Amino acid sequence: MSIVDMLFQFMGGLGLFLFGIKYLGEGLQNSAGDRLRTILDSLTTNTFTGILAGLFVTMLIQSSSATTVLTVGLVNARMLTLRQAVGIIMGANIGTTFTAFIIGFDAAGFGLPVLAIGAFFVFFMRNYKYVFIGRILFGLGGLFFGLQLMGSGLEPLQSSLNFKLISDYINHQPFAGVALGTVITMILQSSSATVGILQQLFSMDLISINGALPLLFGDNIGTTITAVIAAIGASQNAKRAALIHVLFNVIGTIVFLCLFTPYKAFLLWLTKVLHLEQAMQIAFAHGIFNVGNVILLFPFISLLVLIVKKVIKDDEWTVDTKTVKLDEKVINSSPEFALHQARQELLKMSFYAKEGLYQAQQFFLTRKNKHADAAMQYETEINRFDRQITKFLVKLSIHSLSKNESTEHTMLLSLCKDIERIGDHMKNMIDLVCYMVRNNIKLSPLTVTDFEKMLVLTQSCFEKAIEALESNNKAYAQEVLDIEDDIDEMEKTLRKKHILNINNNVSSGQESVVYVDFISNLERIGDHAVNIAEAVMERP
């Protein structure tokens with residue numbers, strides 16, 4: 001076999017192997033239903049359950065990189081805390097060893113029959129359940145047959161003097177093995193593929209156990225690159241989650257290199273006791289490394305979190321997120337307490353709206369992106385609270401409520417939408433300022449002063465409305481109505497002034513769009529503040 005033929009056969013086998021892993025993961029995922037985010041979000045009540053969730057999801061989708069990228073995304077969306085993410089990442093590292101154990105079984109000869117059965121299910125079955133099973137089998141067959149092709153492509157290396165020299169160097173230079181394993185996994189973007197290649201090399205005696213184990217360690221470091229890439233441009237906590245993934249595998253590699261001799265001795269003893277084949281020996285080495293690493297670092301999770309927080313510091317605008325504390329169990333036992341819970345969470349939601357409006361005001365005045373980022377984070381939190389509070393109140397509505405409870409229930413539903421709409425208007429203001437920056441629209445100093453006055457007045461109106469709602473103070477509610485009259489009057493005055501500017505050719509068309517939209521958003525925020533105040537006025 002020529003070098004070109006060997007290379008093509010190996011690369012073709014590798015491609016089929018990667019395709020098999022992808023198709024296998026998609027088939028398993030579709031069979032379980034598209035609930036991965038729900039699984040990660042609901043099964044991470046503590047670090048231990050987070051490990052189980054990460055383990056389960058990684059086994060399901062056959063990719064620790066995909067699990068960690070998904071985790072980074074959830075942390076970025078503030079659906080998971082950093083501590084929850086650590087557990088999932090640990091579980092993902094254990095879950096990724098599942099593929100190595102599948103490969104460890106000498107089933108390469110069954111690749112084509114399994115491919116054929118999978119293809120039959122995919123193309124000839126109408127029931128989606130059997131189609132998904134077919135995808136699982138097709139992916140599994142592709143994985144096995146790809147391994148067989150890779151093995152055939154690697155056979156000429158047994159007589160290659162150059163490869164023997166490289167192998168001998170890696171066998172005696174563990175750090176070179178770690179570096180090579182890291183680079184190869186970064187290039188392939190799949191730790192399973194690297195482990196699969198390693199299992200083939202080791203089974204053919206092309207590399208010794210002394211060289212295989214460092215390559216395996218490097219494989220675990222290389223797989224972190226995907227999460228690092230996913231965290232670029234994400235929130236601080238998302239970057240921290242990616243950094244924890246890197247630290248976790250780097251620390252594990254350092255520890256296992258220091259304990260290399262007893263680790264290798266234990267592995268050889270286990271091989272003898274269980275009569276392991278060489279491919280399965282690598283699978284056990286992979287599993288022991290990752291499980292041992294989790295056991296080793298589990299007591300130090302808090303320290304890991306502290307370290308990454310010191311390395312990646314909070315920006316000024318990082319939002320302190322709050323958990324939505326709504327217990328659906330109390331809906332049946334105490335509707336009154338359920339309403340109290342909803343009211344408290346509504347106040348948290350209103351706090352986000354108040355802070356977001358302030359950040360929008362600062363963005364207009366300073367043009368600093370940190371204020372826009374903060375406002376958008378607050379808007380995301382407002383939407384999250386709106387969804388969960390509304391869902392909670394809808395479930396409560398099917399229960400029998402007293403007259404007063406029914407009134408309160410209707411009011412809370414209505415106010416939830418008012419606050420959510422304030423978040424939307426806040427976002428509109430951010431978009432308008434961004435539009436001004438992109439199109440180099442300059443407002444006159446007098447216009448900026450007018451806008452700032454209306455912003456301050458609107459902020460004051462909304463803050464007073466929140467105070468009225470929190471304390472059920474009708475006097476505060478009346479002040480909101482008075483301030484909103486001033487806002488309406490100011491909006492009319494500014495519109496008239498703007499029309500005069502257009503007639504006198506002082507304002508451009510682009511500036512006109514910004515002018516009208518900006519004061520309209522502020523006026524609408526005032527209207528929603530009035531709705532809050534009127535609800536307080538109507539309460540007994």
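Fair warning: this is a prediction, and the values are worked out from it, not measured in the lab.
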Pair E379, K427 - check salt bridge (charged side-chain N to carboxylate O under 4.0 Å, His left out), show working. CA-CA 7 Å; E379 206 269 335; K427 179 179 180 297; over 6 Å; no
Minimum-distance pair of heavy atoms, taken over all atoms of N293 and G252: OD1-CA, 3.2 Å
Shortest non-hydrogen contact between I312 and R240, atoms and distance: O-NH2, 2.8 Å
Non-hydrogen atoms of N93 and N290 that approach each other most closely: O-CG, 3.2 Å
For the residue pair Q361 and V456, establish whether any side-chain heavy-atom pair is separated by less than 4.5 Å. yes
Given side chain to side chain contact (heavy atoms under 4.5 Å, CB included), test L522 with L455 step by step and report yes or no. CA-CA 7 Å; L522 290 176; L455 265 167; 3.6 Å; yes
Exercise: identify the closest heavy-atom pair between T185 and G222: CG2-C, 3.7 Å
Quick check: closest heavy atoms across I301 and F298, and the distance to 0.1 Å? CG1-O, 3.2 Å
Is the distance from the ring center of F518 to that of F364 below 6.0 Å? yes
Working to the nearest 0.5 angstrom, can you tell me the gap between I389 CD1 and L415 CG? 10.5 Å
Quick one: do Q459 and E463 satisfy side chain to side chain contact (heavy atoms under 4.5 Å, CB included)? Show the steps, please. CA-CA 6 Å; Q459 180 86 4; E463 287 179 1; 3.1 Å; yes
Would you confirm whether T96, through its side chain, and A92, through its main-chain N or O, come within 3.5 Å as a donor-acceptor pair? no
Start with the C-alpha gap between E420 and K417, add the side-chain angles, then the distance that decides, and say whether salt bridge (charged side-chain N to carboxylate O under 4.0 Å, His left out) holds. CA-CA 5 Å; E420 191 274 332; K417 290 305 167 190; 5.4 Å; no
Main chain of L393, side chain of H409: is a donor-acceptor contact present, judged purely on distance under 3.5 Å? yes
Heavy-atom check, side chain of M426 versus side chain of Q359, under 4.5 Å: no
Mind checking whether V131 and F121 have side chains closer than 4.5 Å, heavy atoms only? no
Atom CG of D488 and atom CE of M490: how far apart are they, to the nearest 0.5 Å? 11.0 Å
Which atom names give the shortest non-hydrogen contact between V480 and A529, and what distance separates them? CG1-O, 3.7 Å
Short question: side chain of R367, backbone of V437 - any donor-acceptor pair under 3.5 Å? no
Decide if atom CZ of F451 counts as having more than 12 heavy atoms of other residues, nucleotides or ligands within a radius under 6.0 Å. yes
Interatomic spacing from CD in E534 to CG in D527 - rounded to 0.5 Å: 9.5 Å
Going from CG on L469 to CD on E467, what distance comes out if it is rounded to the nearest 0.5 angstrom? 11.0 Å
Taking S406 for the side chain and S402 for the main chain, is one N or O donor matched with an acceptor at less than 3.5 Å? no
Would you say K368 has more than 12 foreign heavy atoms packed within less than 6.0 Å of its NZ? no
Is a side-chain donor or acceptor of T224 paired with a backbone partner of I221 at a separation under 3.5 angstrom? yes
Kindly say whether T410 contributes a backbone atom to a donor-acceptor pair with the side chain of S414 at under 3.5 angstrom? no
Closer than 3.5 angstrom, by distance alone: can the side chain of N521 be matched with the main-chain N or O of D517 as a donor-acceptor pair? yes
Does some side-chain heavy atom of D450 sit less than 4.5 Å from a side-chain heavy atom of M454? no
A side-chain contact here means heavy atoms from C-beta on lying under 4.5 Å apart; do N472 and V536 qualify? yes
Do you see a donor-acceptor pair shorter than 3.5 Å between the side chains of R495 and S520? yes
Evaluation steps, side chain to side chain contact (heavy atoms under 4.5 Å, CB included), between V530 and L481: CA-CA 6 Å; V530 165; L481 301 181; 3.7 Å; yes
Quick one: are T223 and M186 in side-chain contact, heavy atoms under 4.5 Å? no
Would you please test T253 and F289 for side chain to side chain contact (heavy atoms under 4.5 Å, CB included) and show each step? CA-CA 8 Å; T253 295; F289 172 83; 3.9 Å; yes
Polar side chain donor-acceptor pair, N404 to E408, under 3.5 angstrom: no
Looking at side-chain heavy atoms only, is the closest gap between Q478 and K474 below 4.5 Å? no
With side chains defined as the heavy atoms from C-beta onward, is the minimum distance between F385 and C416 less than 4.5 Å? no
Applying salt bridge (charged side-chain N to carboxylate O under 4.0 Å, His left out) to D418 and R421, what does each step give before you reach the verdict? CA-CA 5 Å; D418 277 310; R421 287 298 297 149; over 6 Å; no
Rounded to the nearest 0.5 Å, how far does CD of E484 lie from CG of N531? 9.0 Å
Just verifying a value: how many Å separate I532 CD1 and M411 CE, rounded to the nearest 0.5 Å? 10.0 Å
